[in-house]
Amino acid sequence: MLLELDRVSFRYRGRSEWSLRDISLQVEAGEFVTLVGTNGSGKSTLLRLLNGLIPHFYEGELQGSIRVAGLNPQEQPVHQLFGRVALLSQNPQAQLFSATVRQELAFGLESLALPRPEIEARLAEVAAYFDLGALLSAKPDELSGGEQQRVLVAAMAALRPAVLALDEPFAMLDYAEIRRVSRELERLNQAGTTMLVAEQRLGPATGLLKEGRRCLLLENGRLVADGPAGPIFGNAAATRLLPPLPALFERSGRTQRPLDLEKAVEVCLEDKLVLESQPDFRAAGSIGGPLIDLKEVSLQPGQAVQPALNGVNLTLHRAEVVALLGRNGAGKSTLARHLVGLQAQQSGESRFDGQEIYQGKRAWWGRKAFKKSTLKAGRAGMLYQNPGLQLFLPTVQAELDFGRNLLKRGKQSWLRELIERLELAGLLDRNPFTLSGGEKKRVALACVLATEPELVALDEPTAGLDYRHAQTVTGLLGDTAGRGGTVLLITHDLELAANVAPRWLILDYKRLAHTLTAGNLQDRVALLEDSGLEPPTSAYLAGRLGQRYSGGPTRLVESSDSTIKPLRKPLSGLDSPC
Amino acid sequence: MLVTRQTRFDPRTTVVITLSALVAVLLVNDSLKLGLVLFICAFMMGKTGKLAMWLNYCRLLLPLIVLLLLIGAIGGELAAAGQSVLKILTLGSLAFWFFQAVPPEELAFALMKWRLPFGVAFVIAYSLRYVELIRREWKTVREVQQLRGLVLKGRGWWHLPDLLGLMLVQVFRLGDELAEALETRGFSTPARTSPFTFRLALRDYLLMLVGILAAVVFCLFNLKF
């Protein structure tokens, strides 16, 4: 047995609650194990036990016994274990510390004190294996999220560990990057490396949930299920974590919850199930007049030489939810920053409620002209991906009042509603620094929405939230539009986009490549995939069942007639949709 | 060769030459000579295509220069203040040249040959990257607060300590994540292979000697006349 945990419990120093409680499990060499669980369920803690980070780096009270590749991590220092158990933590940016990719890959090998020729041979091997040859001289912080993640996986693989443990490796990747990293993890596993992957994104592209794949389900530090994914996700305990496809079957009241698209099609045909869309999008007539109008706008962020976006023409209306989509680095955040008054354009014309958003001004020394936002504070708001950068006051209540008092905007009744719906009442006296990631996200969102900006840009508002809170946020987006606000939703989650946004803007190749409106999404699967996006599960299923899918919440209902005409071929290049 | 030395000379040679030049500039109190050194620096920057970068860097020294001139003007010692400004610009330019000439990671690992502990060498080699990361986070913090109506102007300055507190938390978070990443790749291992192979060659010794002699002559010339 490669890994053995026997009645292991752990709590971090200074904390009263246990992060792991009574965990017993065994993993054989060559297995691929997926760890699932909500925020704070103990996934990261479990992985840290394996290479000795707990208790040598993270101190606390540890009970039970652990054996990893014949060694006891409690007795061995981390530097004696890292070559056997390689652990990749969250946030790749913070883990890339070298000046070049070459040095990044070599660091671990140098720590193993391998002779120089051996290091060079291994570097050449992983560079070829992970197709990193062209990136060896590149600076790691200039790579895309997917490339950074590949470099880190390669750096770990170069150590030739017996176990490769990865903590949320797909968290910041787009669809194309997820598929690539996923393929590489499968290859490493097939080559004999034991894989343990903790992840919250469990969509088809990750390939983490297959009917027979071993899954460990953690809840509040306890291992509540251990076995093949199919039965685990057929159980009510896993409801909060269901990926989109089984979630569709679950909310349709079906007992069978297939993880695999082929299986789902089979079940639909057998049980004569058809998709029924319940689009609750605001009718076109209720969308207000234009708020934002962009004509031939080009944007060039910071000191970049190349423009991020060229010739963007765009109109956003009041009381509208619009999804802004595209692969990593497509310019979504740059465009959002432009719209809220933080990033002037290089050329073109941008208007907010008929007024130019930026006006040229000459610097006092008279030489350089620059453009400054004319947008009055409070008219536009933005939720950033990292809510930790937004909260700085001593209590949550002070945070919620801060913007409203400063900007003199937002009704008290709306704030009360936000507090209630986002379940913040119990957090009002807490210091924001002590909140979990999901709690910070909810507080930050409430702060942004409380001032009732005319335009609100939300960058991945549901990332890091569990299913219930994600549903609340989805509802709030619609209600914000209902109150007359324009919502620009930036996301990789097309399930979310399909549920709330009737119009999708897709950025690709430095331009606004496509504008899709609700309707016939089943025919757009290939277009979405080509744009680096993972189509909503319902679009896949509708396409396979020969049905129409226009977006909006969907469920399966029994059909009285036999009009289901399934397509025989898969719709897309997705190799193994779950 | 996948891991190679990047610079022509051993970084320790550049260290010795720069230190000699810095000492010489510190000892010189003649504005004309300091101006001459500064002119040579500017000329060299122009020749190597780094003039714009250097001017940008000098802009960072502007607040200090203004402060010195202000104090000089108030105290009636404008000439002395001018000389200090020249000295600061010259020292700054030498430091700029040094960090352009030697990548920090090469410098750090070369200094390990002079018994510098790996931990210290690592800080020299890699801390600059984190300065950029923190700078980016600070920019985002200011943007986020600007959208909430807080601009660091006028009464907005009262919130500066709060924002700096927030940044401090971010810096600690980054530090923790980095430390964990390092530990998982064997940072604490007692023996490791150096990524660079450095050896002082005859030309390095000669260059060091020339640098030291030039600095001594420059100082003697200044002290005598």
Side-chain angles (χ1 to χ4, degrees), chain A residues 51 53 56-57 77-79 82-83 86-91 93-99 102-103 106-116 119-120 123-124 127 136 141 155-156 159 337 340-342 377-378 380-382 384 386 388-393 402-403 406-407 433 447-448 451, chain B residues 1-4 6 103-106 122 125-130 132-133 136-151 156 159 161-167 169-170 173-197:
Chain A
N51 73 341
L53 276 178
H56 302 295
F57 188 81
V78 182
H79 65 78
F82 82 98
L87 171 64
L88 193 57
S89 308
Q90 297 175 25
N91 192 4
Q93 262 210 334
Q95 295 172 70
L96 294 161
F97 42 79
S98 301
R102 183 198 315 265
Q103 288 170 15
F107 188 89
L109 301 172
E110 288 157 4
S111 300
L112 286 174
L114 295 175
R116 178 61 48 198
I119 291 177
E120 281 165 16
L123 282 181
L136 284 175
D141 55 349
M156 298 302 178
L159 303 172
R337 289 178 71 251
V340 299
L342 294 172
M382 185 161 170
Y384 281 69
N386 179 1
L389 296 176
Q390 181 172 329
L391 310 171
F392 67 99
L393 291 166
F402 181 75
L406 211 60
L407 300 168
F433 290 143
C447 289
V448 173
T451 56
Chain B
M1 288 284 283
L2 278 165
V3 179
T4 54
Q6 306 288 315
E105 63 275 12
E106 287 190 29
F122 182 86
Y126 299 104
S127 55
L128 284 179
R129 203 187 92 72
Y130 279 81
E132 174 58 20
L133 214 60
R136 264 188 257 162
E137 294 224 335
W138 173 238
K139 187 171 173 252
T140 310
V141 166
R142 278 171 43 212
E143 280 182 5
V144 172
Q145 301 310 330
Q146 185 185 329
L147 290 173
R148 298 177 80 191
L150 170 58
V151 184
H159 287 288
D162 295 327
L163 294 181
L164 289 179
L166 169 64
M167 276 312 295
V169 172
Q170 299 304 322
R173 179 183 57 78
L174 277 173
D176 271 353
E177 287 175 350
L178 170 65
E180 183 180 329
L182 286 169
E183 210 50 37
T184 53
R185 282 199 260 165
F187 179 77
S188 309
T189 190
R192 59 185 306 114
T193 314
S194 171
F196 305 102
T197 39

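Naming: A, B, ... by sequence-line order, numbering from 1 per chain.
Of the listed residues Gly175(B), Ala181(B), Gly165(B), the one with more heavy-atom pairs under 4.5 angstrom with chain A than any other is Ala181(B). In terms of non-hydrogen atom pairs under 4.5 Å with chain A, the most contact-rich of Leu174(B), Leu182(B), Val151(B) is Leu182(B). Chosen from Val169(B), Thr189(B), Thr140(B), the residue pairing most often with chain A at heavy-atom distances under 4.5 Å is Thr189(B). Top candidate by heavy-atom pairs under 4.5 Å with chain B, chosen from Phe433(A), Phe402(A), Phe392(A), is Phe392(A). The candidate with the highest count of non-hydrogen atom pairs below 4.5 Å against chain B, out of Val340(A), Leu53(A), Asn51(A), is Leu53(A). Highest contact tally toward chain B, considering only Leu393(A), Leu114(A), Thr451(A), is held by Leu114(A) [criterion: heavy-atom pairs under 4.5 Å].
Only the side chain of Ala155(A) comes within contact range of chain B, with at least one heavy atom under 4.5 Å from a heavy atom of that chain. In this structure, chain A has a heavy atom under 4.5 Å from the side chain of Gln145(B), while its backbone stays farther away. The part of Gln170(B) that comes within reach of chain A is its side chain, from C-beta onward, which places non-hydrogen atoms under 4.5 angstrom from that chain. Both the backbone and the side chain of Ala113(A) come within less than 4.5 Å of a heavy atom in chain B.
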Step by step, would you call Arg148(B) with Leu406(A) a side-chain contact (heavy atoms from CB on, under 4.5 Å)? CA-CA 8 Å; Arg148(B) 298 177 80 191; Leu406(A) 211 60; 5.9 Å; no

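With Ser188(B) contributing its side chain and His79(A) its backbone, the two residues share no donor-acceptor pair below 3.5 Å.
The residue from Val141(B), Val144(B), Leu147(B) that alone fulfils the side chain to side chain contact (heavy atoms under 4.5 Å, CB included) condition with Gln390(A) is Val144(B).
Ring pair Phe187(B)/Phe107(A) is parallel by interplanar angle, where below 30° counts as parallel and above 60° as perpendicular.
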